[in-house]
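For the numbers below, each heavy atom of this structure counts, side chains included, while hydrogens, waters and symmetry mates do not.
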Amino acid sequence: MQKSFHVTASSIYPLGVCFVPEGLHIAAICDKETDCGILLFDKNHKDGIKIPFLQESRKGNIHAMLLQGYHDKDCTYLFYQGEELFQDNYAYALENERKYGEDKEIPSRCKVLGDTYDWEEDKSPTIPFEESIIYMLHVRGFTKHRSSGVRAKGTYAGVMEKIPYLKELGINAVLLMPTYEFDEILRKEKQPQSMEQAALFYKEKGEQEEPIRINYWGYQEGLYFLPKYAYSHKKDAVTEFKDLVKALHQNGIEILMQFYFPPTVGYTKMFHILKYWVLEYHIDGFQLMGNDIPLHTLRKEPLLAETKLIGEKDDHSGETGNPADISANVSFYRNFGYMNDNFLYDMRRLLKGDANMIESLVCLCRKNPTDRGIVNYIAKQDGFRLYDLVSYNNKHNEPNGEDNQDGNSENFSWNCGIEGKTRKKDITNLRLRQMKNALSFVMLSQGTPLLYSGDEFANSQEGNNNPYCQDNPVCWIKWNHLKIGEELLAYTKELIALRKRHSILHMRTPLRGMDHLSCGYPDISFHGREAWIPNTSSESRSLGIMYCCRYGKDEDKAKETLLYLGINMHWMTQQFGLPQIPKGLEWVRILSTDSRETEREVLPKADQETLQYIQIPPRTVMIYSAQRGRTEEEYEEKEKTIKKKRNIKRTRESS
């Protein structure tokens, strides 16, 4: 059944298809030399009806028209140009009839965005960079594995089922790998062939088709105005994604998204995209990836003033004047930050015991620009996972089908003595300690820590450092982790809780290394075999870092007054000299990356004239706090308990 449409000219903008009071507004970018228009599907045109654009309504390469009186909100559409059908780059919804990885000749039809969503007074947590703890995840891979324990595996709803876990872990922001609509099918460009080449190809391959390859990561151009439909459990991906955002916000967790923009995407469209996600989906921030991203311009947009914009590298365009002058006024919200790859490379080298890394540690642990955020990590989506970082010397990317030529060959990793999986207890214990050390570097440095999903319980990608095309258990998070994962997860939770408890570990302004409160201690200080004398020479692999909590927020002043981090990345036990502390306080070990030294330990009391020393085992981080001391009776009782436990331990070991 055909129906005549009354087609008239319409405004060029907005691009895309939307209902207006007069009917259906349609605008698209098409080559002016080719016949183009819309292929409209509705209850009267189930096979579709072609409606061409009027040439007189064209401006440049933009065509627009109005279907007067048309208000069928269940209609779907595609654009056509000549014989080619293509999706609307400004579509806000799709028909959800294609499964993930399913290849169809005809693209999914676009839909006009439906009813208004009830946000129920949703409000962004608006967490500053210095208080953020970011958890990066892939929506599909996060819960797709059968061990995830969720009902809606591999979907937005599946992530929502894991919110209690995220809260228990202690993170307060999730960063989603590309979640806008993109074609996950890796399509090879067809090269022209001669008759002889075509005949030879057919002879070798026969009629067998090549298996479909997947772009699992999704770093490519896509339909930027709608969530990826194959990641939804139900057909309505728009509503399901908004439900996820609202649920995260209700639990005090921000949601950030990665967007990859090739050079073909200009600033105007880029801003339109980000603005849309902030207004329509209440997104709290973006990591912007690609070349020529105009961050210096985007960060000045008033609408994005409280939206995190994270670049791939530092943008120096905002630096003005003396940093000390800038720090005098810190009331503004820092909406720009950058991914700190320097932290990743140098801390990996420190972890494996390379020389010349202590000076870098001194710099990186306190780096905290006043006018921008800095995101620190030791593992992220590309490169080795945390477990693989301590289990493989070399990449193992053979399953990617590129002869192990893809991915970075220099990962600054160390396998602790054996390549890959092993049951040798001394190796597994060392790997566990190294993973704890790595997380300590990230969580106890200034800036914003980023944790890649699964690293908190030793998830592995089997040595693959570039699994962009692996939609299988290689990339999926395995939740049925072993004992080593359970211990690492418990330590991660303790680290995050420690960071949150002490604002001196996540300050708004840079630490000065000076006693500017005249309290007897600088905000941060560095130590070595002797207190106050750090060894930053090339052969040094150990450092003591002390934070004075009085420089943090008011709540810190009533708790532990000093925190001391003893970092020994040497292969031998090292001595550390502890600074003298005020009378009435005593040094208490509260955390250790060595599983044999996890029990809370109180150092013997010392008078003001006696120096205190500790011995830290190889490749171990120990954390001490200066706390209010006990009475003599309490101290003696504690000593008896410790000796009793040690005797029991020796008896068990000897038997």
- With sequence neighbours left out, which residue pairs that include part of residues 423-450 fulfil the salt bridge (charged side-chain N to carboxylate O under 4.0 Å, His left out) condition? Lys436-Glu487
- Message: My understanding is that only residues two or more places apart in sequence, or in another chain, count here; which of them pass side-chain contact (heavy atoms from CB on, under 4.5 Å) with Tyr345?
- Response: Asp341, Asn408, Phe412
- Query: Do any pairs count as a ring-ring contact (aromatic ring centres under 6.0 Å, His included) and have a residue in residues 444-465, sequence neighbours left out, and if so which ones?
  - Reply: Phe457-Trp479, Phe457-His481
- Would you confirm whether Asp103, through its side chain, and Ile212, through its main-chain N or O, come within 3.5 Å as a donor-acceptor pair? no
- Contacts of Thr155 meeting side-chain contact (heavy atoms from CB on, under 4.5 Å) (sequence neighbours excluded), chain-then-number -> Ala152, Ala157, His233, Glu240
- Chi angles and distances behind the side-chain contact (heavy atoms from CB on, under 4.5 Å) call for Met435, Ile484: CA-CA 10 Å; Met435 287 187 285; Ile484 187 176; 3.9 Å; yes
- Check side chain to side chain donor-acceptor pair (under 3.5 Å) between Tyr281 and all other residues, then give those that pass, not counting sequence neighbours. none
- Query: What residues, two or more places apart in sequence or in another chain, satisfy side chain to side chain donor-acceptor pair (under 3.5 Å) together with Glu359?
  - Reply: none
- Task: Can you sort out the partners of Lys493 under side-chain contact (heavy atoms from CB on, under 4.5 Å), two or more places apart, ordered by chain and number?
- Result: Glu168, Leu169, Leu489
- By side chain to side chain donor-acceptor pair (under 3.5 Å), Glu539 pairs with (sequence neighbours left out) Ser537
- Who pairs with His138 by side-chain contact (heavy atoms from CB on, under 4.5 Å), at least two apart in sequence or on another chain? Arg140, Met177, Tyr216, Tyr231
- Task: Please lay out, stage by stage, how Phe225 and His272 fare under the test ring-ring contact (aromatic ring centres under 6.0 Å, His included).
- Result: CA-CA 9 Å; Phe225 292 93; His272 187 184; 5.0 Å; yes
- Item | Where Ile427 and Asn415 come nearest, the two heavy atoms and their spacing | CG2-O, 4.5 Å
- Under 3.5 Å: donor-acceptor pair, side chain of Asn464, backbone of Tyr468: no
- Can you check whether Leu175's main-chain N or O pairs, donor with acceptor, with Gln258's side chain at less than 3.5 Å? no
- Message: So for atom NZ, which belongs to Lys99, do other residues, nucleotides or ligands contribute more than 12 heavy atoms lying within a distance under 6.0 Å?
- Response: no
- Task: Go through the structure and list residues passing side chain to side chain donor-acceptor pair (under 3.5 Å) with Tyr100, not counting sequence neighbours.
- Result: none
- Message: Under the salt bridge (charged side-chain N to carboxylate O under 4.0 Å, His left out) definition, can you give me all pairs with a residue in residues 391-410, not counting sequence neighbours?
- Response: none
- Message: Regarding Lys275 and Glu301, does a basic nitrogen lie under 4.0 Å from an acidic carboxylate oxygen?
- Response: no
- Leu288 side, atom CG; Ile310 side, atom CD1 - distance, nearest 0.5 Å: 8.5 Å
- Task: Please collect all side chain to side chain donor-acceptor pair (under 3.5 Å) contacts where either partner lies in residues 172-181, sequence neighbours excluded, each pair once.
- Result: none
- Partner of Phe286 by side chain to side chain contact (heavy atoms under 4.5 Å, CB included), out of Val278, Leu256, Ile273: Val278
- For Arg98, does the CZ atom sit with more than 12 other heavy atoms under 6.0 Å from it, leaving out its own atoms? yes
